[in-house]
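Since the model is a prediction, treat every value here as computed from it, not as a measurement.
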Amino acid sequence: MLKLNTLCLFLLLSFYGMAQSPLQPGFTLLEKGDFEQAETFFEGYLTDDPKNKTALICYGRAVGLSGEPEKATGMFSSLLEEYPGDFEIQINYNESFLWDKKFKEAEPLYAQLVKEYPENFGAVLGYANTLSNLKKYEKALEWVERALIIQPGNLSAKTSRKYMRLGYANAYVNAQNYKKGETLLKEIFIDFPEDRDALLNLANLYLITKEVDDAKAIYKRLATSEKDSITSLNGIALAEHIGENDKQALVVATTAKEKADAFDDATIKEQTYDRYVQALIWNRKYIKAKTEIAELDTKYTNRNWLYALKAMLGLYTGSPKKSVANYDAILKNDSASFDGNLGKANALFAADRIVPAYNAAFGTLKVFKDQKDAIGFIDKLNISFTPTIDEHLAYTFDNGNNVAFSTNTTATVPLSTKFSTNLAYYYRTTENTVTDNKASSHVLSAGFDYKFLPKTTFKAVVGLNKSSFGTESYTQPVIDTKLLLQPFKLQNLELGYKREIQSFNADLIEREIIMNHFGFNYNLGTNFNLGWYTQAIHTTQSDNNTRNLLFTSLYYNLMRKPALKVGLNYQYLSFAEQVPTIYFSPEKYQAVEIFADLRGDISKNTQYMMSAATGLQQVEDDPNTVIFRAETGITHKFSKRFSGNLYGKYSNIASATAAGFEYTEIGLKLKWLITKKPLFYNKIAK
């Protein structure tokens, strides 16, 4: 947009020379931005001098800039009929479209104007600004350079060039071309050293790319005043969080809050309180965060940032429905809010409302085209519902001279967000290297998953197991059904029935032992890192034996990144009949152990896991013996659609196998996403 003082000075010199003009008070009001008062002034002046072209032009500008651009366009259009081809009227007519944000309509008008007046600074700069508003940044920068050739060093043109570079850099950042965006932002410092807008955008770029140290360095450069030093601390706190140093983030946010409390600026206080409560939530200080939010709620009503804090707390504490309500409140205030749109998508996903979550993400992309986080969220949903093939290969050996090889291939095809089908083939061959007994099992099964309510899913698998040993074989049906639900917040319950054939070794396969398992798994989480998991299974067998199993684990999450969990396990096992020569079947077995589980990232596409447990076990009334088990694995994502996991595990816990032996297993798991997107994607994409 052209600078008002440039236009008015031009008018003054053109029509009235260097002498004082009776229109000067109106010029001054326009230059100061007092458009409504300027409108009143020129309207009064035109009562006495209705044909004064200068006054008519300035009146039109005052009308347009005070909030009635369409009316101004009509006024300039009428003037052009009276003064056809008049440059000053034409350029104001063109500019009136910019005031009305009708940039497409303005573009051809300016294109024609610069064709007729290629050396006119105002026309060239106006065209450049029009192109910039249309996000045609490359062409806009070419034209602003032409304007600076006409008037070298012009501040208006330099300022326009700054905002073009900011917009162009943002477009590159959204397209994930971060180096080009960084270059454009740094070019702003040539005209405006240490420009605040450029520094903030550069810091944000480094946060996106997780270059935490660079981001903190930029925020420190920003701290040139008391106000900006608080903004700097708020940014550094966020950088510490992204750098996975949440404790330091809270320290910095607390310092910023203390400084903001002593600083009389309402906006900076709100920004700082926002970051402080975020830091409390990052550090899982939920009670303190809830108290702070309640206190802020009495001071600040209907603030989007406060709704966002409530929503964030809800997501962290397992209350996604409350989060959805708070994001709705944000969108009621501002339908184009990024936090509101994508935040609601995440909350809906957490509430297991998948299709609405998709819709919210698509809505985000309508407002924020090519936005990285929204695209990433949709990709995450797509991966959950894309047809897959999973392959699991395993080699097992134990100290009872049994060796086994197994392969399990599963194809899963989600037909909607609620209904998924699967087909699996399992093969296991086993032999005893001493007795030379050999046997094999083939299991072909098909099943489905149906989510009939959010957080409530029924799974069913049926199939046939064909077991062979020597020259004989038999076929038995297999069944596996589960009901998964979340009865209360942070609680998961699984009820199940499973019919399977004992296939650990050749001797057991030959005996054709059918096992019917009835049981449940229950997990209780908390907001203070403590958790409790329990499994109970009652098994009836075709050899008229029964088994009861109870496993319970109390665990504590020590760290989140890497994830370190420690805990205490207790296991109880009891068989009605004891047949130790056939399989491990004590009247009473107990084990107590402590364990640790560590999981983290080696790189962006590679993760590791390690777990170990040790303790004491007692069989019947025998003396206690030491138990130990361990597992380690590494998972690598070879591409967006293909990943693999290599693992190994060892256990000498007596109940780990049907035969009661210590054993070792080495395995490989592969996962391939068959298609790029879910089969139903085109039906829900908008």
Side-chain angles (χ1 to χ4, degrees), residues 208 238 241-242 246 273-275 277-287 289-290 292-294 296-297 300-368 371-385 414 416-418 451-457 484-492 523 525-527 560 678 681 684-686:
I208 292 171
L238 179 58
H241 167 64
I242 291 173
D246 287 337
Y273 296 156
D274 184 17
R275 180 71 76 238
V277 177
Q278 287 176 357
L280 288 173
I281 297 172
W282 295 333
N283 283 273
R284 299 181 180 268
K285 297 183 181 295
Y286 302 132
I287 295 176
K290 186 176 181 180
E292 289 289 331
I293 290 173
L296 291 168
D297 217 4
Y300 305 101
T301 58
N302 199 32
R303 294 289 205 282
N304 280 356
W305 61 269
L306 194 53
Y307 287 130
L309 287 177
K310 294 176 182 178
M312 180 182 178
L313 182 62
L315 287 176
Y316 271 71
T317 57
S319 301
K321 290 182 180 179
K322 292 182 180 179
S323 299
V324 172
N326 281 295
Y327 284 125
D328 280 336
I330 293 174
L331 294 172
K332 184 178 180 181
N333 289 340
D334 179 11
S335 61
S337 165
F338 174 73
D339 288 340
N341 280 281
L342 191 58
K344 182 178 179 180
N346 277 287
L348 288 165
F349 175 69
D352 206 22
R353 297 171 58 192
I354 306 303
V355 172
Y358 263 117
N359 292 336
F362 293 140
T364 303
L365 287 176
K366 286 181 180 179
V367 183
F368 304 93
Q371 207 285 325
K372 177 186 175 183
D373 294 330
I375 292 173
F377 177 80
I378 292 172
D379 285 343
K380 180 176 72 173
L381 290 181
N382 285 345
I383 289 171
S384 300
F385 298 100
S416 72
T417 60
K418 292 184 177 182
K451 183 189 299 178
F452 51 90
L453 288 172
K455 306 284 188 181
T456 307
T457 301
L484 288 72
L485 59 158
Q486 192 177 78
F488 302 103
K489 183 173 73 172
L490 301 177
Q491 297 183 45
N492 292 284
N523 188 73
T526 68
N527 289 321
R560 282 180 289 161
Y681 183 80
I684 63 172
K686 296 180 180 180

For atom [atom1] of [X], is the number of surrounding heavy atoms from other residues, nucleotides or ligands below 6.0 Å larger than 12?
{"X": "Phe488", "atom1": "CZ", "value": "no"}
{"X": "Lys321", "atom1": "NZ", "value": "no"}
{"X": "Lys455", "atom1": "NZ", "value": "yes"}
{"X": "Ile383", "atom1": "CD1", "value": "yes"}

On a heavy-atom basis, which atom in [X] and which in [Y] lie closest, and how many Å separate them?
{"X": "Phe349", "Y": "Ala357", "result": "N-CB, 3.7 Å"}
{"X": "Ser323", "Y": "Ala311", "result": "OG-O, 2.6 Å"}
{"X": "Asn304", "Y": "Ala329", "result": "OD1-O, 4.4 Å"}
{"X": "Thr364", "Y": "Ala374", "result": "CG2-CB, 3.9 Å"}
{"X": "Ala347", "Y": "Leu315", "result": "CA-CD2, 3.7 Å"}
{"X": "Pro414", "Y": "Phe385", "result": "CG-O, 3.4 Å"}

Would you check, one step at a time, whether the test side chain to side chain contact (heavy atoms under 4.5 Å, CB included) holds for Leu348 with Asn359? CA-CA 10 Å; Leu348 288 165; Asn359 292 336; over 6 Å; no
Would the distance check show the side chain of Thr317 and the main-chain N or O of Leu313 forming a donor-acceptor pair, the cut-off being under 3.5 Å? yes
Donor-acceptor pair, side chain of Asn283 and main chain of Ala279, under 3.5 angstrom: yes
Please walk me through it: do Ile293 and Met312 pass side chain to side chain contact (heavy atoms under 4.5 Å, CB included)? CA-CA 11 Å; Ile293 290 173; Met312 180 182 178; over 6 Å; no
Please work out whether the ring planes of Tyr358 and Tyr681 are parallel, tilted or perpendicular, with thresholds of 30° and 60°. perpendicular
Can you tell me how far apart [atom1] ([X]) and [atom2] ([Y]) are? Round to the nearest 0.5 Å.
{"X": "Leu331", "Y": "Asn341", "atom1": "CG", "atom2": "CG", "value": "5.0 Å"}
{"X": "Leu381", "Y": "Ile684", "atom1": "CG", "atom2": "CD1", "value": "8.0 Å"}
{"X": "Leu485", "Y": "Gln491", "atom1": "CG", "atom2": "CD", "value": "10.0 Å"}
{"X": "Asp379", "Y": "Lys372", "atom1": "CG", "atom2": "NZ", "value": "11.5 Å"}
{"X": "Arg275", "Y": "His241", "atom1": "CZ", "atom2": "NE2", "value": "9.0 Å"}
{"X": "Trp305", "Y": "Lys310", "atom1": "CH2", "atom2": "NZ", "value": "10.0 Å"}

Listed by chain and number, what are the side-chain hydrogen bond (donor to acceptor under 3.5 Å, both in side chains) partners of Asn527, not counting sequence neighbours? none
Set of residues satisfying side-chain hydrogen bond (donor to acceptor under 3.5 Å, both in side chains) with respect to Gln371, sequence neighbours excluded: none
For [X], what residues pass the salt bridge (Lys or Arg N to Asp or Glu O under 4.0 Å) criterion, not counting sequence neighbours?
{"X": "Asp352", "result": "Lys451"}
{"X": "Arg303", "result": "Glu270"}
{"X": "Asp334", "result": "none"}
{"X": "Asp339", "result": "none"}

Under the side chain to side chain contact (heavy atoms under 4.5 Å, CB included) rule, what do Asn333 and Tyr307 come out as? Steps first, then yes or no, please. CA-CA 11 Å; Asn333 289 340; Tyr307 287 130; 3.8 Å; yes
Within a strict 4.5 Å, meaning less than it, do heavy atoms of the [X] and [Y] side chains meet?
{"X": "Ile375", "Y": "Phe368", "answer": "no"}
{"X": "Tyr327", "Y": "Ile330", "answer": "yes"}
{"X": "Asn492", "Y": "Leu484", "answer": "no"}

Sort out for me which residue in Leu280, Val277, Asn326 forms a side chain to side chain contact (heavy atoms under 4.5 Å, CB included) with Leu309. Val277
